[in-house]
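Below: one structure, written as structure tokens.
Side chains included, hydrogens not; waters and symmetry mates left out as well; all remaining heavy atoms used. It should be emphasised that the depicted structure is a prediction, and the values quoted were computed from it without experimental measurement. We count residues from 1, following the sequence as given.
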Amino acid sequence: MRKALVVGIDHYPHITPLAGCVNDARAVKAMLDRHADGSVNFGTRLMVSTGPQDVFTRKELKEAVRELFADDSEVALFYFAGHGYIETTGGYLCAGDCESGDDGLALSEFMTLANEGKAKNKIMMLDSCYSGALGTSFINRDVSEISDGMTILTASTKGQYAAEVNGGVVFTGLLLHALGGAAANLLGDVTPGAVYAHIDQSLAAWGQRPVFKTNVHRFVSLRRAEPPFLLQDLRRISELFPRAGFEFPLDPAYEPTHETADPAKNAVFAILQQYHRNGLLVPVGAPHMWHAAVESKAVKLTALGEHYRRLAVKGLI
């Protein structure tokens, strides 16, 4: 069982309203609901506030968080887009009834609910100001409060605002891009670590910086994107390259436009070209794959290709 609680708040009756958080929450829900092939992914509960008719309170937010983490689901994911607040005693997520900020859901309370919950993997994504304070002890600032199976990804550090560009929130835009496939590995899996790497690489050194904290034995997949080629073709990498350092020999018959073209070799060459396009192999002594074939050169695996060859040998693809 994979559960997600997705929260977006634009309407704040007592503090400055926001724009775009509800749209971001709806976009995140749509991305999490299903994998790229249309199969079911997360069972998602959406809580949004667009106006006076749908304001929800701190108590309601807290109870929804409690329910998210309470049972023994395989993955429990929380996403929040809205106001954040911080002071010397700790940080807060601002629900719709907030009047001052420190009357929101305390991050310490949130962490207690998460840490004591039975969910095996707990993933928290916060797109709010000062969100990097999540998981930090305000009694001992050098101590983190992250239990086993927990991952935290936030838009900014505990001292930064969450930035917007052209009316859109930077962090969630990059998150959606990552979940859509930009952070997927060659199996199509998008992990929290890959999402962080994608966001981190997309932001400049002097501006908003994302925060990533984790205590896991292995990453879970947040979503399966469309893999760049058929997995049965990827599995053949250990057949075509039977040992580390092996160079696969080519000849003109592999090139389909050559007068000596061999259909069986052409089929293998098509797979090798896919490997090349995805950074798994390089020609040896030739500038391009075409030259490698017509000049009877060879191809060899890159470090990434060797990684996937080892996975295939172990039956992990």
Salt bridge (Lys or Arg N to Asp or Glu O under 4.0 Å): which pairs involve residues 177-188, sequence neighbours left out?
-> none
Report yes if some heavy atom in the side chain of V299 is under 4.5 Å from a heavy atom in the side chain of Y275; otherwise report no.
-> no
Report the C-alpha distance between F78 and F110 in whole Å, list the side-chain angles of each, state the deciding distance to 0.1 Å, and finish with yes or no for ring-ring contact (aromatic ring centres under 6.0 Å, His included).
-> CA-CA 11 Å; F78 177 77; F110 179 93; 4.9 Å; yes
L107 CG to M111 CE distance, which is reported to the nearest 0.5 Å = 9.0 Å
So the ring pair (Phe, Tyr, Trp, His ring centres under 6.0 Å) pairs with at least one residue in residues 12-53 (sequence neighbours excluded) are Y12-H83
Verdict with supporting geometry, E63 and R58, salt bridge (charged side-chain N to carboxylate O under 4.0 Å, His left out) = CA-CA 9 Å; E63 286 307 306; R58 170 196 171 280; over 6 Å; no
No-hydrogen, no-angle side-chain donor-acceptor test under 3.5 Å, D97 and T57 = no
Mind checking whether T214 and P192 have side chains closer than 4.5 Å, heavy atoms only?
-> no
Which heavy atom of K3 sits nearest a heavy atom of L68, and at what distance?
-> NZ-O, 3.5 Å
Side-chain donor or acceptor of D54 paired with backbone N/O of G51 under 3.5 Å | yes
Spatial distance of atom CG (N215) from atom OG1 (T151) [nearest 0.5 Å] = 8.5 Å
Can you see which heavy atom on A95 is nearest to which on L61, and at what distance?
-> CB-CD2, 4.3 Å
Side-chain donor/acceptor of D189 to backbone N/O of N185, under 3.5 Å | no
M47 reachable from L105 in the ILVMFWY side-chain graph, under 4.5 Å edges = yes
Least distance between heavy atoms, A225 atom then G180 atom = CB-O, 4.2 Å
CD (E116) and NZ (K118) are apart, to the nearest 0.5 Å, by 11.5 Å
Do K120 and S73 come within less than 4.5 Å of each other through their side chains, counting heavy atoms only?
-> no
How about R235 and I317: do any of their side-chain heavy atoms sit closer than 4.5 Å?
-> yes
List the steps, then state whether salt bridge (charged side-chain N to carboxylate O under 4.0 Å, His left out) holds for E255 with K265.
-> CA-CA 8 Å; E255 170 52 49; K265 289 186 174 182; over 6 Å; no
Of R34, R223, R2, which meets side-chain hydrogen bond (donor to acceptor under 3.5 Å, both in side chains) against N41?
-> R2
Distance from Y308 atom OH to L281 atom CG, nearest 0.5 Å?
-> 14.0 Å
Does I9 reach the side chain of C94, with side-chain heavy atoms less than 4.5 Å apart?
-> no
Audit row: E67, R45, side chain to side chain contact (heavy atoms under 4.5 Å, CB included) steps and yes/no | CA-CA 11 Å; E67 291 176 22; R45 177 182 178 184; 3.6 Å; yes
Is L176 reachable from V195 through a run of hydrophobic residues whose side-chain heavy atoms are each under 4.5 Å from the next?
-> yes
Chi angles and distances behind the side chain to side chain contact (heavy atoms under 4.5 Å, CB included) call for F69, M124 | CA-CA 11 Å; F69 295 120; M124 287 81 84; 4.0 Å; yes
Heavy-atom pair with the smallest gap, counting every atom of M150 and A114 | CE-CB, 3.7 Å
On a heavy-atom basis, the closest approach of Y92 and D102 is CE2-O, 3.3 Å
Are F80 and Y85 in one and the same hydrophobic cluster, where Ile, Leu, Val, Met, Phe, Trp and Tyr link if side-chain heavy atoms are under 4.5 Å apart?
-> no
Any chain of hydrophobic side-chain contacts (each under 4.5 Å) joining L311 to L304?
-> yes
Pair S296, D251: side-chain N/O donor-acceptor within cut-off below 3.5 Å | no
Flag the pair V48 / V7 as yes when at least one side-chain heavy-atom distance between them is below 4.5 Å, and no otherwise.
-> no
Indicate whether any N or O donor in one side chain lies under 3.5 Å from an N or O acceptor in the other, for D33 and T44.
-> yes
Taking the side chain as C-beta and beyond, is there a heavy-atom pair between V22 and S49 under 4.5 Å?
-> no
Working for side chain to side chain contact (heavy atoms under 4.5 Å, CB included), residues L93 and L126 = CA-CA 9 Å; L93 298 178; L126 305 186; 4.1 Å; yes
Applying side chain to side chain contact (heavy atoms under 4.5 Å, CB included), run through I152 and V211 and close with a yes or a no.
-> CA-CA 8 Å; I152 294 171; V211 172; 5.7 Å; no
CZ/R236 to CZ/R309 distance, rounded to the nearest 0.5 angstrom?
-> 15.5 Å
Here the gap from L153 atom CG to L175 atom CG, rounded to the nearest 0.5 Å, amounts to 7.0 Å
Side-chain donor/acceptor of D103 to backbone N/O of G101, under 3.5 Å = yes
For V268 against F248, the heavy-atom pair lying closest together = CG1-CZ, 4.0 Å
Is there side-chain contact between I15 and C98, with at least one heavy-atom pair below 4.5 Å?
-> yes
Do the side chains of V282 and I271 join up, straight or via other hydrophobic residues, at under 4.5 Å, putting them in one cluster?
-> no
Over 60° means perpendicular and under 30° means parallel, so classify the ring planes of F212 and Y196, tilted if in between.
-> parallel
Between the side chains of S39 and R224, does any donor sit under 3.5 Å from an acceptor?
-> yes
Step by step, work out the side chain to side chain donor-acceptor pair (under 3.5 Å) result for D127 and T172.
-> CA-CA 7 Å; D127 196 347; T172 295; 2.6 Å; yes
For the pair D71 (side chain) and M1 (backbone), establish whether a donor and an acceptor sit closer than 3.5 Å, ignoring hydrogens and angles.
-> no
Can a salt bridge be assigned to the pair E247 and K297 using a cut-off of 4.0 Å between side-chain N and carboxylate O?
-> no
Ignoring hydrogens and geometry, is there a side-chain-to-backbone donor-acceptor pair from K213 to L134 under 3.5 Å?
-> yes
If the plane angle is over 60° it's perpendicular, under 30° parallel, otherwise tilted; pick one for H198 and H177.
-> tilted
Crowded around K300 NZ? As in, over 12 foreign heavy atoms under 6.0 Å?
-> no
